[in-house]
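Report on the following structure.
Bear in mind that the values here come from a model prediction, so they are computed numbers and not experimental data.
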Amino acid sequence: MIIITAFVVFSIILWIILIILNIFRSQKWDKVTSKDNSYYAKLVMMPEIADDIDNVYVRGLRDPEYCIETISCNTLSELYGILPYSNDTERMTALESIEEVSEKFPEIPAKNDIIKKYYAVSLPVTEEDSNGKVIPYYYFHENYIIQTERGFRFVFIVHTK
């Protein structure tokens, strides 16, 4: 009887330790292999940029949070060139509306390499599909531009909660 009780107690303690480790591990960004960039492009509501997605990170247990980074470009104009604007006037208006981040910046995987941070506003997002609203429309989106030594890149944070 003592052996069975000890085994049950040990199993419960081990189970609790594993749960706690999974909770802590889920709060760190894990790099995802970019198998389906079209899915990640739909998450940021710009399916046209699927070929320009470079890195994808995910964290969380039930409702994951995604950090989706595009390729690096030498200039902001070149970076905005990958976005699906309908004309150059919209693209130039969006470039003029970039704001430098002065508040707290979210924790992202490449945070140590950042020289400058900007808010990416006036992006050409797709809010509807053939059936109405796309599901990512209901997610929380944060759109940033970061400047590193390699150039400028978009960083999209998508909270699926």
Side-chain angles (χ1 to χ4, degrees), residues 1-73 79 82-84 98-121 123-161:
M1 188 67 166
I2 294 175
I3 295 173
I4 294 173
T5 305
F7 178 75
V8 170
V9 169
F10 177 75
S11 298
I12 291 172
I13 291 171
L14 183 63
W15 182 70
I16 291 171
I17 290 171
L18 289 175
I19 288 175
I20 291 170
L21 288 175
N22 280 332
I23 289 171
F24 284 119
R25 190 177 314 128
S26 70
Q27 298 306 312
K28 295 181 181 180
W29 290 109
D30 291 324
K31 190 169 185 175
V32 177
T33 305
S34 299
K35 293 179 183 173
D36 189 12
N37 282 351
S38 63
Y39 171 72
Y40 304 122
K42 288 177 186 174
L43 280 178
V44 298
M45 299 171 48
M46 288 182 274
E48 299 86 355
I49 68 165
D51 293 336
D52 297 312
I53 292 177
D54 189 27
N55 298 314
V56 177
Y57 301 89
V58 65
R59 71 176 175 185
L61 285 175
R62 182 171 171 226
D63 298 320
E65 180 179 5
Y66 294 90
C67 178
I68 301 164
E69 298 179 358
T70 63
I71 57 173
S72 290
C73 297
L79 180 65
I82 68 173
L83 299 179
I98 295 173
E99 304 170 8
E100 194 164 347
V101 174
S102 59
E103 302 170 5
K104 184 179 176 187
F105 189 70
E107 178 188 334
I108 63 171
K111 192 169 185 176
N112 296 335
D113 300 335
I114 298 174
I115 297 170
K116 285 191 177 182
K117 306 166 277 240
Y118 305 92
Y119 289 113
V121 293
L123 298 178
V125 296
T126 302
E127 295 181 2
E128 294 185 17
D129 59 10
S130 59
N131 299 324
K133 299 286 185 196
V134 294
I135 290 183
Y137 176 80
Y138 300 102
Y139 298 159
F140 181 73
H141 295 84
E142 296 177 68
N143 305 317
Y144 298 99
I145 300 167
I146 60 170
Q147 180 183 5
T148 63
E149 290 179 2
R150 293 179 294 166
F152 297 91
R153 66 173 47 211
F154 284 108
V155 176
F156 304 106
I157 308 291
V158 181
H159 305 270
T160 61
K161 301 174 185 177

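- Of all heavy-atom pairs between Y40 and I68, the closest is O-CD1, 3.6 Å.
- Between Y144 and F105, the two ring planes are perpendicular [angle over 60°; tilted spans 30° to 60°].
- In this structure, OH on Y66 lies 8.0 Å from OH on Y139, to the nearest 0.5 angstrom.
- In this structure, R59 contributes its side chain and K28 its backbone to no donor-acceptor pair below 3.5 Å.
- Within the model, atoms OG of S102 and NZ of K117 stand 10.0 Å from one another, a figure rounded to the nearest 0.5 Å.
- Side-chain contact of T70 with R153: a donor-acceptor pair under 3.5 Å is absent, judged by distance alone.
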Requested in this report: Show your working on side chain to side chain contact (heavy atoms under 4.5 Å, CB included) between E149 and I115 and close with a plain yes or no.
Outcome: CA-CA 7 Å; E149 290 179 2; I115 297 170; 4.2 Å; yes

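- Minimum interatomic distance between I108 and I114 (heavy atoms only, all atoms of both residues): CD1-CD1, 3.8 Å.
- Remark: side-chain polar atoms of H141 are paired, donor with acceptor, to backbone N or O of L43 under 3.5 angstrom.
- Across P47 and K42, no two heavy atoms sit closer than the pair CB-CG, 4.3 Å.
- Across all their heavy atoms, E100 and Y118 have their closest contact at CA-CD2, 3.8 Å.
- Checking side-chain atoms of S38 against main-chain N and O of A50 turns up no donor-acceptor pair under 3.5 Å.
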**Report entry** Steps toward side chain to side chain contact (heavy atoms under 4.5 Å, CB included) verdict (N143, F154)
**Finding:** CA-CA 7 Å; N143 305 317; F154 284 108; over 6 Å; no

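- Here the CD1 atom belonging to I145 is positioned 8.5 Å from the CZ atom belonging to F156, to the nearest 0.5 angstrom.
- Summarising the geometry, atom CD belonging to E48 is positioned 11.5 Å from atom CD1 belonging to I82; distances are rounded to the nearest 0.5 Å.
- With values rounded to the nearest 0.5 angstrom, T126 atom OG1 is found 7.0 Å from M45 atom CE.
- To the nearest 0.5 Å, the span separating CG on L79 from CD on Q147 amounts to 11.0 Å.
- Annotation for I3: atom CD1 does not count as buried by contact number, only 12 or fewer foreign heavy atoms lying within 6.0 Å.
- When side chains are defined from C-beta on, P109 does not count as touching K31, because their heavy atoms never get closer than 4.5 Å.
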Query raised in the report: Taking it one step at a time, do V44 and V158 satisfy side chain to side chain contact (heavy atoms under 4.5 Å, CB included)?
Result: CA-CA 7 Å; V44 298; V158 181; 4.0 Å; yes

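- Put simply, the side chain of F152 does not reach to within 4.5 Å of the side chain of K116, judged on heavy atoms.
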